[in-house]
Amino acid sequence: MKVHVDGISLDLPAGTSAIDAVFQAGKDVPYFCAHPYLSPVGACRMCLIESGSPRKNPDGSFIMEGEGDAATPKIFWFPKPMAACTMMATEGMQIKTAATSEIVAKSQAGMMEFTLLNHPLDCPTCDKGGACELQDRAFEYGYGASRFGFDRRHAEKHYPLSDYVILDQERCIHCKRCVRYFEEVPGQEVLDFIERGSHTFIDTAEGGLPVGFQGNITDICPVGALLDNVARFRGRNWEYDHTHTTCTLCPVGCSITVDARNGSLERIVAGENREVNEAWICDAGRFGHVFASENRLTTPMIRNEDGELVAATWDQAVDAIRAGMAGLDAHDLAIFLNADSTLEEGIAAEAFVGLTGLASVDYWPRQATYGTDAPTLTEIAQSDGVVVLGADLGEEAPILELRILEMLRGGILPAEFHHGTAIADLRLVERPARKREKLAVISSKPSRLSEQAGFSAQMDAATALAGLTGSSDNAAVSAAANLLKTAERPILVLGAEALASLSGAARSALQTLTQRTKTRILALPAGANARGLASLNLVPRSGGLRYDQLSQARVALISRLNPLAEGQSRPRFLISHDTHLTATALQADVILPAVTNYEKRGITVNLEGRLLPLRPAALKNGEAADFIRALSIVAEALEIKTSIRGIRSAQNLLSERLGVNVAELPIHGLIAPLGMRYDAPAAPYTPLLWKEGMKRSDPVYHAGMIELPMASTPTFVAGDD
């Protein structure tokens, strides 16, 4: 259809909203309540436009104006400006924005004046300053001064909705984004408007906000009413160095922006990746970053003659490793690395193992793998039947839970335009109907997702798997089996508990089931890059030791793992590569300082098989280095020359193996074949999302909310905006 915006003609698909037509034309219109992944409701009344459309005669021809060849369809204009976010553009529609319509400009300025009627002048102290949509739009579209000369309404300030989210009721402009988010995305109706008219305010039920996805409301709040309490009062938006990278707390691989200031990681906000996390991240990914800037190891440490750990240089660390391995050789060394290590670090370890011929190499957490043709997160959102077996997605892959909930409400993915995701997709509706009969959840423990499922049961994964592939007296298991049988695009999600129970017979039965029902399997990887590392030969060779057999090793190099805290005993000589003084590091003979994944450059592979880039934020970490450097140090002590000594040589080898230029990977990643997988028996693994150090240790934080000093009798200047 053809639409005209300020005289610019556009060809747009049917169903496009008027606000998207405006942005597609390269024009601008202010808005506060619209959001690409929420239903449009026209609450803020800022996206006003003048609009008119041609009408047709009873015979189907357009009503014309003008004479002869100069005649054109007559445009019938609405008598007043309309909200563009809830209006659908139609064939031949004419749209005028504030750039060409004085009526629109005056209406928007008046609306801005009304919005600011009770909004306090907190801009000098509000943490949203510098990222506040209201501040920016007031400057662009407001009058600059108010005609209302009375005191503003006052409400409760700095009101904690939870440990992580602070509400300032005075600043709220009632855009309803936060209310709609909880209703439409996680399906938790915990926020709502209370009272009516000028007394309206938002609040939550007693007990606060549920932990899981609550932090997303701090991103979408267009003013400073909802703030991240972990980052609050730590920096201003313009002071941060913004780094767009990938979260590695779980195998989903959400896009995030890491905000650092003076070398300290102060804030994480969600980045948009339509194919992965859309615009949401979990609370652990948002708030659990404090460890990156607290009590970091910044220099190598070695154990002296008195048995104490003392700071050292890298050369002294090499000498200490050489002395500790006297009489031993590379075959006595065991290498264990974290499953969130990058592909570059993994291929460097593989090259080192290939060069030395050592047998004991492993990464952790690691569990049995299954299948190679995993569905994408978008395919899961658009499936018509999902069974989750032996998984607690809240611990293993939180955003996957949101994509499954998206499936229940129709799997509507907003359209994409040149200006980005559709700002107002008119197919999204408030309080959407959910088809819970499309979801079955079977696990040994109840989970958040099981409350949303049409069929759920509590039983061990092995029994459930046997019932799913054979027959069962349990109604939920039978319903799940029928769901896989009748759905056109069925998907089975296998969690840690299910993968641990996959014996040879169970694998065979599962393969028969998937072939018969054409079910696609998503086996959740145990770590952020466990799927990527599985494509490298990083499992124990014949006679080699697994991670849980550390105590049998004579010498071990352990990267960012803490096996001694898990009850294992140390080998004869221990080299720890870590970011903090963990229980394992405290028992080590040599400690090499490590970088966190917020400071790395490299590639990880998420649960879909999507290659995602890590980009380094500017954090203060002293002499910390990645695992490639740690391997180089050990190689130097052993007088071995490794083929990979840095990120560039690792990426060259990866690019050659994968056929993808990994050095120039797009920020949203891409799916590429990884080749064969390497598998080996593994110890049982219990997923845990929140780990030690992810919550702030500052006693002031735990004692209560940080409050701004307030005058006992505040003075307010009425009128000026």
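Model, not experiment: these values are computed from the prediction. The basis for the numbers below is simple: all heavy atoms, side chains too, and nothing from hydrogens, waters or symmetry mates.
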>> Can you confirm whether R431 is buried at CZ, in the sense that more than 12 heavy atoms of other residues, nucleotides or ligands lie under 6.0 Å from that atom?
In response: no
> Is it true that D384 and K438 have a side-chain N and a carboxylate O under 4.0 angstrom from each other?
Replying inline: no
> Can you tell which of E184, E430, E183 makes a salt bridge (charged side-chain N to carboxylate O under 4.0 Å, His left out) with K176?
Replying inline: E430
> Going by distance alone, is a donor N or O of one side chain under 3.5 Å from an acceptor N or O of the other, for H242 and T257?
Replying inline: no
> Ion pair present between D392 and K445, side-chain N to carboxylate O less than 4.0 angstrom?
Replying inline: no
>> Contact between I256 and C247 at the side-chain level, heavy atoms closer than 4.5 Å - yes or no?
In response: yes
>> For I491 versus E379, what's the shortest heavy-atom pair and its separation?
In response: CD1-O, 3.9 Å
> Going by the salt bridge (Lys or Arg N to Asp or Glu O under 4.0 Å) test, which pairs reach into residues 600-618, not counting sequence neighbours?
Replying inline: E345-K600, E608-R610
>> Can you tell whether the side chains of R296 and E599 come within less than 4.0 Å, N to carboxylate O?
In response: yes
> Nearest heavy-atom pair of Q367 and L499: which atoms, and what distance?
Replying inline: NE2-CD1, 3.2 Å
> Are any of the side-chain heavy atoms of V165 and N229 separated by less than 4.5 Å?
Replying inline: no
>> Any donor-acceptor pair under 3.5 Å linking the side-chain atoms of Y547 with those of Q568?
In response: no
>> Strictly by side chain to side chain donor-acceptor pair (under 3.5 Å), give each pair with a member in residues 683-693 just once, sequence neighbours left out.
In response: none
>> Between the side chains of R236 and E239, is the shortest nitrogen-to-carboxylate-oxygen separation below 4.0 Å, so that they form an ion pair?
In response: no
> Given I399 and L393, is the side chain to side chain contact (heavy atoms under 4.5 Å, CB included) satisfied, shown in steps?
Replying inline: CA-CA 8 Å; I399 292 300; L393 298 187; over 6 Å; no
> Going by the angle between their ring planes, with limits at 30° and 60°, are Y37 and W280 parallel, tilted or perpendicular?
Replying inline: perpendicular
> Atom CZ of R234 and atom OG of S293: how far apart are they, to the nearest 0.5 Å?
Replying inline: 9.0 Å
> From L561 CG over to F336 CZ, what is the distance, rounded to the nearest 0.5 angstrom?
Replying inline: 9.5 Å
> Can you find a pair of side-chain heavy atoms, one from N597 and one from L249, that are under 4.5 Å apart?
Replying inline: no
> If you look at every heavy atom in A279 and A270, which pair is closest and at what distance?
Replying inline: O-CB, 3.5 Å
> Have T200 and E195 got a donor and an acceptor in their side chains that come within less than 3.5 Å?
Replying inline: no
> How about N338 and N529: do any of their side-chain heavy atoms sit closer than 4.5 Å?
Replying inline: no
> Got a second to check how far N295's CG is from T579's OG1, nearest 0.5 Å?
Replying inline: 10.5 Å
> Is R171 salt-bridged to D168, going by a charged N under 4.0 Å from an acidic O?
Replying inline: yes
> Will you find, in the side chains of E170 and H154, an N or O donor that is under 3.5 Å from an N or O acceptor?
Replying inline: yes
>> Applying side chain to side chain contact (heavy atoms under 4.5 Å, CB included) to I442 and M459, what does each step give before you reach the verdict?
In response: CA-CA 7 Å; I442 303 168; M459 64 172 60; 3.7 Å; yes
> Distance only, no hydrogens: is a donor on one side chain within 3.5 Å (strictly under) of an acceptor on the other, for R436 and Q452?
Replying inline: yes
>> Between D241 and D259, is there a side-chain heavy-atom distance shorter than 4.5 Å?
In response: no
> Checking side chain to side chain contact (heavy atoms under 4.5 Å, CB included) for the pair R403/T378: CA distance, chi angles, key distance, verdict?
Replying inline: CA-CA 8 Å; R403 301 308 299 265; T378 298; 3.7 Å; yes
> Is the shortest heavy-atom distance from the side chain of H119 to the side chain of L134 under 4.5 Å?
Replying inline: yes
>> With no hydrogens and no angle check, just 3.5 Å: does a side-chain donor-acceptor pair link E272 and T421?
In response: yes
> Which pair of non-hydrogen atoms, one from F455 and one from A479, has the smallest distance, and what is that distance?
Replying inline: CD2-CB, 3.4 Å
> Within a strict 4.5 Å, meaning less than it, do heavy atoms of the V386 and V493 side chains meet?
Replying inline: yes
> Hey, mind stepping through S444 and E497 against side-chain hydrogen bond (donor to acceptor under 3.5 Å, both in side chains) and telling me if it holds?
Replying inline: CA-CA 8 Å; S444 62; E497 190 183 330; 3.0 Å; yes
> Can you check whether I166 reaches L226 side chain to side chain, under 4.5 Å on heavy atoms?
Replying inline: no
>> Run C33 and R180 through side chain to side chain contact (heavy atoms under 4.5 Å, CB included) and show every step you take.
In response: CA-CA 10 Å; C33 65; R180 282 178 287 146; 3.7 Å; yes
>> Let me confirm one number: the CD-CD distance from E401 to E395, rounded to the nearest 0.5 Å.
In response: 10.5 Å
> T248 and D340: which non-hydrogen atoms are nearest, and at how many Å?
Replying inline: O-CB, 4.1 Å
>> Under the criterion ring pair (Phe, Tyr, Trp, His ring centres under 6.0 Å), I'd like the reasoning laid out for H289 against Y598: C-alpha separation, chi angles, the key distance, then a yes or no.
In response: CA-CA 9 Å; H289 58 75; Y598 300 118; 7.3 Å; no
>> What's the separation between atom SG in C132 and atom CG in N237, rounded to the nearest 0.5 Å?
In response: 10.5 Å
> Hey, are T463 and D460 close enough side-chain-wise for a donor-acceptor pair under 3.5 Å?
Replying inline: yes
> Does the side chain of Q458 pick up a donor-acceptor pair with the side chain of S443 at under 3.5 Å?
Replying inline: no
> At their closest point, which heavy atom of I603 faces which heavy atom of P613, and how far apart are they?
Replying inline: CD1-CA, 4.1 Å
>> According to salt bridge (Lys or Arg N to Asp or Glu O under 4.0 Å), does anything in residues 125-134 pair up with another residue at least two apart or in another chain? List the pairs.
In response: E133-R177
> How long is the gap from OH on Y164 to CG on L209, to the nearest 0.5 Å?
Replying inline: 12.0 Å
> Just checking, is any N or O donor in the side chain of N216 or Y181 under 3.5 Å from an acceptor N or O on the other one?
Replying inline: yes
>> Quick check on side-chain contact (heavy atoms from CB on, under 4.5 Å): which of V223, D219, I217, T218 does C221 satisfy it with?
In response: V223
